[in-house]
Amino acid sequence: MGKGGSLSDGVVKKIVLSYTYVAIWIFLSFTVIVYNKYILDKKMYNWPFPISLTMIHMSFCATLAVLLVRVFRLVEPVSMSREVYLSSVVPIGALYSLSLWLSNSAYIYLSVSFIQMLKALMPVAVYSIGVLLRKESYKNDTMLNMLSISLGVGVAAYGEAHFDAWGVLLQLGAVAFEATRLVMIQILLTSKGISLNPITSLYYVAPCCLVFLSIPWIFVEYPVLRDTSTFQFDFVVFGTNSFCAFALNLAVFLLVGKTSALTMNVAGVVKDWLLIAFSWSVIKDTVTPINLFGYGLAFLGVAYYNHSKLQALKAKEAQKKTAQADEEEGRLLEEREADGMDSREKKSVRGK
C-alpha cells in the first residue's frame, strides 16, 4: 500500500485504540458501581458501612501506590514541597474523601439508575463552582444550558418510584464535593505546574483520604463493627472490589491521557444509559416513564454542553495553529529580508 494507505491504517488503528480505552473505562466504572451497590445494599450482601468500604479502597490503593513508587520504583515521585502538599494536596484529599463517602452512602438508599440520573448534575456543579471561584466566565447561554440539565434531573426525581430524601441529599453532596475537587485540582495543582498520574495521585492523596475518613469512622461505624461479633472480613469480596477500584483509577488516566477529558464525558453518558438499563433489567429497579423523560432532557442538555466544549476546543486549536503559522511566516520573512540585505552588502563590496 502507498503512503495514503499507510495513513489510513494509522487512523483506523487510532480509532480502534480510542474505542478500546473507552470500553475498558466503561467496563471498570460499571463494575465498581454495581459491585459497591452489591456490597452496601441491605437486600444483597448487606454490609452497609460506606466509610469502612471507602477506607478499604484507599488502604489498598495507597499500599499498591507506595509499592510501585518506593519499592519497585516503577513510577517517579513528584517533586513537591511540604507547603505545596499542605496547601494543595491535603484540601483535595479532604474533598475526595467526602465525595467518596457520600456517594457510597447513597447506594444504601437509592437505586443505581436514579443515582446515575442525579450524577447528570456534575457539569452544572463544576460550571457553577468554576464561576464562583472565577475559573470559568459566566455566559447566559451556558447557564441556560445548566438550567435545562437541572430541570431534567428534577423531572426524573419527581418520577422516582422509591424517592428517598436523605439518599438524594447524600448524592447531591457527593456531586458538590467532587465538582469542587475537580475545580481545586485545576486551580491548586495545574497553576503550580504539578502534574500527577493515577499512581502518584493515589500515592499523595490516598493517605490523606484515610486520615480524614478515620475521624467519622471512629464515631459512626467503628462502634457498630466492634459490637458485630458475627462479621468476618471476606478477602475475596473486598480484595476484588478494591482491585477494581484501583484499576479504574488507571483506566481514567489511560482514557484521558490517550484521548481527552471530553471523550470521558461522552463515554460517561453511554455508561449511564447502560447502568440504567442494567439496573432495570437485572437488579429489577423500578424505572418509570417520567424517570426516563426527565433523564432524557438532562441527557440532551449534557450532550449540548459537551458539543459546545468540543467546538470551543476546536476553535482554540484553530486559533493556535493560525498564530503559529503567522509566527512562522514572520520568521521566514525576516530571514528573507536578512538574506536580501546580505546580498546587497556583497554586491556593494564587489562594486568597490
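Position 1 is the first residue of the sequence; numbering continues from there.
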Does the side chain of T54 come under 3.5 Å of the side chain of N104 through a donor N or O and an acceptor N or O? yes
Would you mind reporting whether K139 and Y127 have side-chain heavy atoms less than 4.5 Å apart? yes
How many angstroms lie between OG in S242 and CZ in F235, if you round to the nearest 0.5 Å? 11.0 Å
How long is the gap from CG on N249 to CG on L64, to the nearest 0.5 Å? 11.0 Å
Please check this pair: side chain of S103 against backbone of L100, looking for a donor-acceptor N/O pair closer than 3.5 Å. yes
Determine whether W273 and Y295 satisfy the following criterion, ring pair (Phe, Tyr, Trp, His ring centres under 6.0 Å), listing intermediate values before the conclusion. CA-CA 10 Å; W273 280 112; Y295 184 66; 4.9 Å; yes
Under 6.0 Å from the OH atom of Y85, do we count more than 12 heavy atoms belonging to anything else shown? yes
Look only at the side chain of Y204 and the backbone of G93, and say whether a donor-acceptor pair between them is shorter than 3.5 Å. no
Between T31 and F27, which heavy-atom pair has the shortest distance, and what is it? OG1-O, 2.6 Å
So which atom in M80 and which in V84 form the shortest heavy-atom distance, rounded to 0.1 Å? CG-CG1, 3.7 Å
Does the S87 side chain pair with the main chain of E83, one donor and one acceptor, at a distance under 3.5 Å? yes
Give the minimum heavy-atom separation between M117 and V287, together with the two atoms involved. CE-CG1, 4.4 Å
Test S150 against every option in V155, V124, N145 by the side chain to side chain contact (heavy atoms under 4.5 Å, CB included) rule and name the one that passes. V124
Once you round to the nearest 0.5 Å, how far does NE2 of H57 lie from CZ of F238? 8.5 Å
To the nearest 0.5 Å, tell me how far S88 OG sits from I194 CD1. 5.5 Å
With heavy-atom distances below 4.5 Å as the criterion, would you say the side chains of F114 and H162 are in contact? no
Starting at CG of L118, measure out to CD of E160 and round the result to the nearest 0.5 Å. 8.0 Å
Residue pair I24 / A251: nearest heavy atoms and the distance that separates them: CG2-CB, 4.3 Å
Do the side chain of S214 and the main chain of V211 share a donor and acceptor less than 3.5 angstrom apart? yes
Are V269 and I33 in one and the same hydrophobic cluster, where Ile, Leu, Val, Met, Phe, Trp and Tyr link if side-chain heavy atoms are under 4.5 Å apart? yes
For the residue pair Y38 and Y45, does the interplanar ring angle fall in the parallel (under 30°), tilted (30 to 60°) or perpendicular (over 60°) class? tilted
Main-chain N/O of L275 paired to Q116 side chain as donor or acceptor, under 3.5 Å: no
Side chain to side chain, L182 and Q186, heavy atoms closer than 4.5 Å: no
So, the side chain of S105 versus the backbone of P50: is there a donor-acceptor pair under 3.5 Å, distance only? no
May I ask you to decide if I108's main-chain N or O and D41's side chain share a donor-acceptor pair within less than 3.5 Å? no
Indicate whether the side chain of N197 and that of T200 have a donor and an acceptor atom separated by less than 3.5 Å. yes
In terms of heavy-atom contacts, does OH of Y304 have more than 12 from other residues, nucleotides or ligands at under 6.0 Å? no
Check whether Y305 reaches the backbone of I149 with its side chain - one donor and one acceptor, N or O, closer than 3.5 Å. no
Ring pair (Phe, Tyr, Trp, His ring centres under 6.0 Å) for W101 and F177? Distances and angles first, verdict last. CA-CA 10 Å; W101 169 21; F177 283 122; 9.1 Å; no
How many angstroms lie between OH in Y96 and CD1 in I92, if you round to the nearest 0.5 Å? 12.0 Å
Under a 3.5 Å distance rule, please check whether K37 uses its side chain to pair with a backbone N or O of Y107 as donor and acceptor. yes
Closest non-hydrogen contact found for M55 with L210 is O-CD2, 3.5 Å
Nearest heavy-atom neighbours spanning L225 and S52: CD1-OG, 3.3 Å
Do other residues, nucleotides or ligands put more than 12 heavy atoms under 6.0 Å from the CZ atom of F30? yes
